[in-house]
2 protein chains.
Amino acid sequence: MLDRDRNGEADVGITSRDVARLAGVSQPTVSRALRGDPRVSEDTVRRVRMAAEALNYVPSEAGRSLSTQISHRIGVLVTDLTNPFYPHLVGPLHDELERLGYRMMLFTERSEATAAAERLVDRSIDGLVLATSTLDSGLPAELSRRQLPFVYLNREGTVPADAIVVDNRRGGELVAEELVKAGHTRIGAIFGPDNTSTGRDREIGFRQGLADAGIALRPAHVRHGPFEFETGAQALAELLDTDPVPTAVFCGNDVVAIGVIDAARRLGVDIPEQLSVVGFDDIPMASWASFELSTVRHDLDEMARTAARLLVARVSGDDANLEPSGVDGNGAAGQRRVTLEPHFVARRTHCEPSQS
Amino acid sequence: MLDRDRNGEADVGITSRDVARLAGVSQPTVSRALRGDPRVSEDTVRRVRMAAEALNYVPSEAGRSLSTQISHRIGVLVTDLTNPFYPHLVGPLHDELERLGYRMMLFTERSEATAAAERLVDRSIDGLVLATSTLDSGLPAELSRRQLPFVYLNREGTVPADAIVVDNRRGGELVAEELVKAGHTRIGAIFGPDNTSTGRDREIGFRQGLADAGIALRPAHVRHGPFEFETGAQALAELLDTDPVPTAVFCGNDVVAIGVIDAARRLGVDIPEQLSVVGFDDIPMASWASFELSTVRHDLDEMARTAARLLVARVSGDDANLEPSGVDGNGAAGQRRVTLEPHFVARRTHCEPSQS
DNA sequence: CCGATTGCTTCATACGTATGCACACTAGTT
DNA sequence: AACTAGTGTGCATACGTATGAAGCAATCGG
């Protein structure tokens with residue numbers, strides 16, 4: 001069917017055997033020579049290298065994987081790439097993984113049913129980064145049972161595993177403190193989903209912060225929803241429909257907050273004069289002049305890169321080079337838990353409440 | 001070192017041989033039974049299925065790949081994920097690939113040197129989607145030489161291959177027509193890089209459109225730069241420094257345009273009153289109330305999905321189910337080229353020039 | 001009652017690389 | 001000259017699945 005012999009050089013489907021033949025050595029010697037085995041003589045290495053180059057030899061990843069039981073691939077699981085938040089995790093993750101000699105397989109969890117889980121445990125990846133795990137997900141347990149190493153990134157789950165997260169509770173507190181300090185008393189919130197650790201902890205921290213100041217969070221001023229643009233856009237309309245209206249609103253993350261700001265523009269609500277808005281994460285977009293969002297900053301890039309390093313250390317077995325990092329190691333089953341410190345960033349979407 | 005026997009069920013590292021043993025058949029029979037080979041008796045299939053389930057057997061992808069020479073993985077190459085444009089390609093790509101039974105490996109081309117190319121041709125992927133190919137890249141030629149199937153998405157290259165693109169020339173013309181129609185005569189442009197087909201063709205079309213209307217594009221009003229937010233932000237400042245100042249500016253894509261709008265906010269420039277801004281692509285962000293960007297729409301989602309389908313058809317050999325699509329097939333070497341129609345979308349960032 | 005046909009299964013092997021072990025060969029020691 | 005130590009290479013095989021070909025049993029036709 002195919003006439004491959006047309007092109008001058010047929011360097012497709014070249015195996016280590018072909019290289020061996022050309023170099024006048026055995027196949028195992030080719031393998032050793034190219035992998036830098038010190039037992040191979042310099043002279044042989046040279047011959048093999050030349051032969052490999054001449055044939056444009058590239059070792060087959062499949063063969064290598066099968067033999068070594070290592071794929072050098074790491075899976076990354078997110079819910080929805082088009083959410084502006086995730087690229088800021090996936091981008092650095094990719095770069096760090098590449099730096100460590102691993103490739104990235106990207107998965108989005110439409111149907112995290114067992115069907116999808118199968119694709120993860122067929123040994124085609126060495127480990128998995130869970131970037132959007134929900135607390136009620138059965139996946140971590142399944143992964144654990146299958147002994148597929150994984151790490152929680154950003155959100156954590158109930159099954160013990162390495163994790164890298166922000167101190168979300170503290171972050172929520174920070175926002176509460178700032179809003180209180182500015183003089184707000186009628187405060188609203190658009191929290192993230194209850195089944196995410198980020199949503200839950202930020203809510204706990206925020207409520208705690210308000211409670212410490214003796215300020216009540218009226219149920220009518222509270223919304224919950226996914227960490228999406230639309231959540232903020234829709235929730236704002238609802239919050240404006242309450243009486244009295246809140247003078248400030250804390251949003252589960254920046255994407256939600258930007259949804260709020262955008263809706264405010266459409267509805268003619270002045271921010272921050274009529275409503276203070278605070279987000280969480282400090283994604284790059286938050287600092288755009290169009291938003292100037294006051295938010296809680298943490299090092300997203302570092303968080304993602306650390307996740308990559310934790311996982312790779314785990315799957316490659318050399319945990320050693322991670323010990324000295326300043327993490328609050330949890331001795332129990334050897335899981336590592338890295339917590340990033342959040343900082344409040346004051347921009348232009350919050351101020352004192354107007355005296356209405 | 002590891003004490004794996006602790007957990008009750010040791011369903012890790014289960015192979016088809018284990019299943020075979022439990023089911024009382026041979027390993028090949030297991031393979032055939034689970035793959036639905038009609039030659040296996042119903043009774044055997046049932047026994048094998050039960051055994052597989054009991055052991056929680058999942059076929060090894062590495063073994064399968066090695067044997068079939070098919071990895072069921074497709075690579076996707078982009079420059080920078082954090083650019084808000086790419087997720088809108090990568091997301092749909094992932095979904096469509098998954099639908100077709102393929103997994104996605106994501107690559108970003110930092111150093112597209114031959115070193116990086118090696119990772120692509122080690123037969124660990126069946127094909128590659130080039131989402132950000134530059135016209136001067138040597139990669140397509142290398143892929144072609146290696147006989148790794150690939151498809152151009154959004155941007156096309158010089159090496160013949162399947163491609164799916166927008167009619168960028170026409171899109172550029174559309175914008176020129178609209179701006180002319182609105183009465184603009186002092187028009188500026190922030191074009192994309194010359195070494196991208198999108199940058200080049202949009203520029204050609206736009207220039208043509210202006211020329212047809214007898215309007216000159218002054219060199220001082222022209223900028224070139226990568227399709228990034230910062231490009232727009234920086235170029236705006238420069239354009240405002242010219243005399244006379246343009247009353248309208250066409251941007252290479254939406255991300256650049258949003259950079260312009262954002263900078264305008266910072267600089268206190270009213271859009272569209274002082275400056276009309278038009279983008280290209282109509283990414284979701286363009287329709288946010290914060291921007292309401294007038295732009296050129298095309299079906300990004302469909303473009304990505306079509307790329308996936310074209311490539312999968314190519315690598316799986318069943319090109320048949322693609323023939324009937326309304327594409328302008330290029331007979332030469334059997335490459336398919338799908339062109340999407342662009343449409344102008346009038347929002348709120350353009351209007352008539354102010355009489356100053 | 002034997003040869004032919006069909007239906008199901010096993011055998012043998014391929015896929016490409018990596019690695020423990022044995023072997024050959026050289027050099028140095030006694 | 002034999003013996004040891006050291007060095008470099010090849011042999012055999014493992015990794016897990018898929019598949020053409022051969023084998024086996026049962027059924028059928030004559």
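A, B, ... follow the sequence lines: proteins, then strands. Residue 1 opens every chain.
For the pair A:S67 and C:dT19, the criterion of a side-chain N or O lying under 4.0 Å from OP1 or OP2 is not met. Contact annotation: A:S31 does not reach the phosphate of C:dG16 (side-chain N/O to OP1 or OP2, under 4.0 Å). Between B:S16 and D:dT17 there is a side-chain polar atom (N or O) within less than 4.0 angstrom of OP1 or OP2. Between A:Q69 and the phosphate of D:dA14, there is no side-chain N or O to OP1/OP2 separation shorter than 4.0 Å. OP1 and OP2 of C:dT9 both lie 4.0 Å or more from every side-chain N or O belonging to B:S26. An OP1 or OP2 oxygen of C:dA18 is reached within less than 4.0 angstrom by a side-chain nitrogen or oxygen of A:R64.
Residue contacts for B:P59: at a heavy-atom cut-off of 4.0 Å it reaches the sugar-phosphate backbone alone, with no base atom in range. Within 4.0 Å (heavy atoms only), B:V30 reaches no atom of the nucleic acid at all. The residue B:R35 sits close only to the backbone: its heavy atoms come under 4.0 Å of sugar-phosphate atoms, none of a base. Residue B:T29 is classed as a base contact, given a heavy-atom separation below 4.0 Å to a base.
In the helix from C:dC1-D:dG30 to C:dT30-D:dA1, the rotation axis of the first five pairs and that of the last five pairs differ in direction by 70°, rounded to 10 degrees.
For A:T68, whose side chain is taken as the heavy atoms from C-beta onward, the closest listed nucleotide among C:dA18, D:dG8, D:dT17 is C:dA18. The side chain of B:T15 sits closest to D:dG16 out of D:dT19, D:dG16, C:dT9.
At a threshold of 4.0 Å, the pair B:E42-B:R49 does not count as salt-bridged, since none of the basic side-chain nitrogens sits closer than that to a carboxylate oxygen. For A:R99 and A:D95, the salt-bridge test fails: no basic side-chain N is under 4.0 Å from an acidic carboxylate O. With salt bridges taken as basic N to acidic carboxylate O contacts below 4.0 Å, one links A:R145 and A:E142. Ion pairing between B:D122 and A:R103 holds under the 4.0 Å rule for side-chain N and carboxylate O. Salt bridge annotation for B:D162-B:R314: present, with a cationic side-chain nitrogen under 4.0 angstrom from a carboxylate oxygen.
B:R39 and B:R32 make their closest contact through NH2-NH1, 2.9 Å (heavy atoms, listed as atom of the first residue, atom of the second, distance). Closest approach of B:I70 and B:E61 over heavy atoms only: O-OE2, 4.4 Å.
In this structure, CG of A:D37 is placed 16 Å from P of C:dT17, rounded to the nearest angstrom. Regarding B:L34, its CG atom lies at a distance of 9 Å from the P atom of D:dA18, rounded to whole Å. The CZ-P distance, from A:R17 to C:dC15, rounds to 9 Å in whole Å. In this entry the distance linking CZ of B:R39 with P of D:dT19 reads 10 Å, nearest Å. Between B:Y57 atom OH and D:dG16 atom C1' the separation is 7 Å, expressed in whole Å. Note: CZ (A:R46) to C1' (D:dT9) measures 17 Å, nearest angstrom. One atom, CD of B:Q27, and another, C1' of C:dT13, lie 11 Å apart when rounded to the nearest Å. Atom P of nucleotide D:dG10 and atom CZ of A:R32 are separated by 9 Å, given to the nearest angstrom.
Taking the nucleotide of DNA chain D with the nearest heavy atom to each of B:E61 and A:R47, the more 5' of the two is matched to A:R47. Nearer to the 5' terminus of DNA chain C, by closest-nucleotide assignment, is the contact made by B:V40 (compared with the other of B:L66 and B:V40).
By the 30° and 60° cut-offs, the orientation of the rings of B:Y102 relative to B:H72 is tilted.
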